[in-house]
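None of the values given here were measured: they were computed from a predicted structure. Here is the naming used below: chain letters follow the sequence lines, and residue numbers restart at 1 for every chain.
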There are 2 protein chains.
Amino acid sequence: MTTSAPRRPRQDAVDNRAGILSAATAAIAHDPQASINTIARSAGLSRRALYGHFADRNALLAEIIDAGAKRFNRIALDVTDANAQVALARLTSLLWQQAAHVQVAASIALDDAHLEATGKALAPLRHAVAAILQRGQNDGTLRTDVDVTTLARLVEEAARAAITRVDASLPEARSLAVRTTLSMAGLSWRETVALLEAHPDILGAPAADGAAPADTAPAAGDAATAGDAATGDTPAAGAKR
Amino acid sequence: MTTSAPRRPRQDAVDNRAGILSAATAAIAHDPQASINTIARSAGLSRRALYGHFADRNALLAEIIDAGAKRFNRIALDVTDANAQVALARLTSLLWQQAAHVQVAASIALDDAHLEATGKALAPLRHAVAAILQRGQNDGTLRTDVDVTTLARLVEEAARAAITRVDASLPEARSLAVRTTLSMAGLSWRETVALLEAHPDILGAPAADGAAPADTAPAAGDAATAGDAATGDTPAAGAKR
DNA sequence: AATAACTTGCACACTTATGTGCAAGTTATT
DNA sequence: AATAACTTGCACATAAGTGTGCAAGTTATT
């Protein structure tokens, strides 16, 4: 009696699961109180089916937070500029691409029930921010009239506001988010403008591998980056079954 | 048959009604989802009694918003500094004293159900802010890299974050809120520090009537102002009946 | 002291949302 | 083609919140 080898999940089920996560991200970004039913339906599934993929609401939220945090933390590792001002600007610019995820993370992070979990998940990003700010304070390139901890919170709030409370479809949206963060970090608006002019790559393409820093970056790479980000890929398309 | 003259409300009832408003402000500032029961109990009343004073949840919220908005709008009128930077700083400083009310207004304003009502109630304050920002842009004392409308939103968000997301008991809290707003308006952190040093009255007493602009303003006025504000006068004391 | 105003507690109806069990149908996989 | 996996719709139990009616008690006001 060989224990029957457990067949692996069906492909449509895998897709549906991913669809739920995606739909939930979009739905919660739009309304933190979105019901399970709303989420399931916007993923093209029945409420009942959703419970076949996630034990309960918390399990779903936990995974969303985790996914978002992983993106953020990976981004944070990518920012290696020695100049604190530049590092902060670039970090904001990259996070801006993850608007929907930032929105969701912010919503859930404000909820007492998930405060601890979100705190843990976002720790690497927060550490990275703190490190950048500390570095900037040490070399005098960032404000020193506020202690690092408080400054970190203010910068985080400013970034969140600029990323999530401004129409992301506006062409200046990204630049605006970056300038907002820098302002909060102590720079004057003229300094932020000058910095962005001196470092056009910050608002441009993410400077892939050894690619040439041409005028306009390869459309492919740019599109790919924007594809899985920004608006948060709402499926709306029906799920398979 | 003279129609019996309707006796006017009992004093304890008047007090209880005020107590509910006060408790609701505090409760909602702490948790926008606070239940009617929670509010009533924290006002020292039963849930049932609350419905004797307010038709429903909306009526209660509407009055809270109105009360807060009136405070804000009155404050806005008090700020008459010609210098836009100074005006913005003073406005923030005065609003900081209304932390609990700012918190509540922000919570309710984010709710779709009350978006319209809050928008109307807060219109005067928002107009005042827009006017200040416009003035600053015209004379070049505030940033001009962002249009007034967007700048107004960013400043509002920054102020809200600084006022409500920072421990108000910290001695630097007020100064921090002011500097945050100025930073968002385009000043460098050194400029904000300089401005506050040049205008110590902004963080001090509200410069009553024609009073002398002495070093430290009359303690009486200061205490009175802080009394009905900041922490949001949580009653906790039982209601009379 | 009489009266009207107010509060309380309880019962009740109603709504919204969560989570589960189950039978019947559909689809991917073998 | 057979089978296991998946989805659906329905019923059901549970929970929490809202808003109202009513009788009984308490308190301010006249």
- Message: I want to confirm an ordering. Mapping Asn37(A) and Leu50(B) to their closest nucleotides on DNA chain C, which one lands closer to the 5' end?
- Response: Leu50(B)
- Message: Let's see if you get this right: which residues in residues 52-68 of chain A place a heavy atom under 4.0 Å from DNA chain C?
- Response: Ala55(A), Asp56(A), Arg57(A)
- Message: Output the rounded distance in Å from OH (Tyr51(B)) to P (dC22(D)).
- Response: 18 Å
- Item | Side chains of Thr180(B) and Ser183(B), donor plus acceptor under 3.5 Å | no
- Message: If I compare all heavy atoms of Ala29(A) with all of Ala100(A), which pair ends up nearest, and what's the gap?
- Response: CB-O, 3.9 Å
- Message: Determine whether Arg17(A) and Glu63(A) satisfy the following criterion, salt bridge (charged side-chain N to carboxylate O under 4.0 Å, His left out), listing intermediate values before the conclusion.
- Response: CA-CA 11 Å; Arg17(A) 191 176 202 281; Glu63(A) 247 183 77; 2.8 Å; yes
- Query: To the nearest angstrom, how far is Arg8(A) atom CZ from dC6(D) atom C1'?
  - Reply: 16 Å
- Protein heavy-atom contacts under 4.0 Å, written 5' to 3' over nucleotides 9-14 of chain D as B (base), S (sugar-phosphate only) or - (none), form the string BB----
- Item | No-H, no-angle donor-acceptor pair, Arg10(A) side chain to dT27(C) base, under 3.5 Å | yes
- Indicate whether any N or O donor in one side chain lies under 3.5 Å from an N or O acceptor in the other, for Arg174(B) and Gln97(B). yes
- Task: Take the protein atom CG of Asp31(A) and the nucleotide atom P of dA17(C), then report the distance between them rounded to whole Å.
- Result: 10 Å
- Does a nitrogen or oxygen in the side chain of Asn16(A) sit under 4.0 Å from OP1 or OP2 of dC6(D)? no
- Leu115(A) to Ala109(A) - nearest heavy-atom pair and separation: CG-O, 3.8 Å
- Identified side-chain contact (heavy atoms from CB on, under 4.5 Å) partner of Thr181(B) from the options Leu91(B), Ile163(B), Val155(B), Leu176(B): Val155(B)
- Query: Start at the 5' end of DNA chain D and walk down; is the nucleotide closest to Ser35(B) or to Pro9(B) reached first?
  - Reply: Ser35(B)
- Item | Base-pairing string, 5' to 3', of DNA chain D - Watson-Crick or wobble, under 3.5 Å, | interstrand | ||||||||||||||||||||||||||||||
- Note on the structure: Distance col, row Asp66(A):CG vs Leu61(A):CG, nearest 0.5 angstrom, shows 11.5 Å
- Message: Just verifying a value: how many Å separate Arg179(A) CZ and Leu154(B) CG, rounded to the nearest 0.5 Å?
- Response: 9.5 Å
- Item | Salt-bridge present (Arg153(B), Glu156(B); N to O < 4.0 Å) | no
- Message: Does His30(B) have more than 12 heavy atoms from other residues, nucleotides or ligands lying within 6.0 Å of its NE2?
- Response: no
- Message: Rounding to an integer number of Å, can you tell me how far Gln11(B) CD sits from dA4(C) C1'?
- Response: 16 Å
- Message: Rounded to whole Å, please give me the gap between CZ in Arg17(A) and P in dT7(D).
- Response: 11 Å
- Item | Under 3.5 Å side-chain donor-acceptor pair for Asn37(B) and Ser35(B) | no
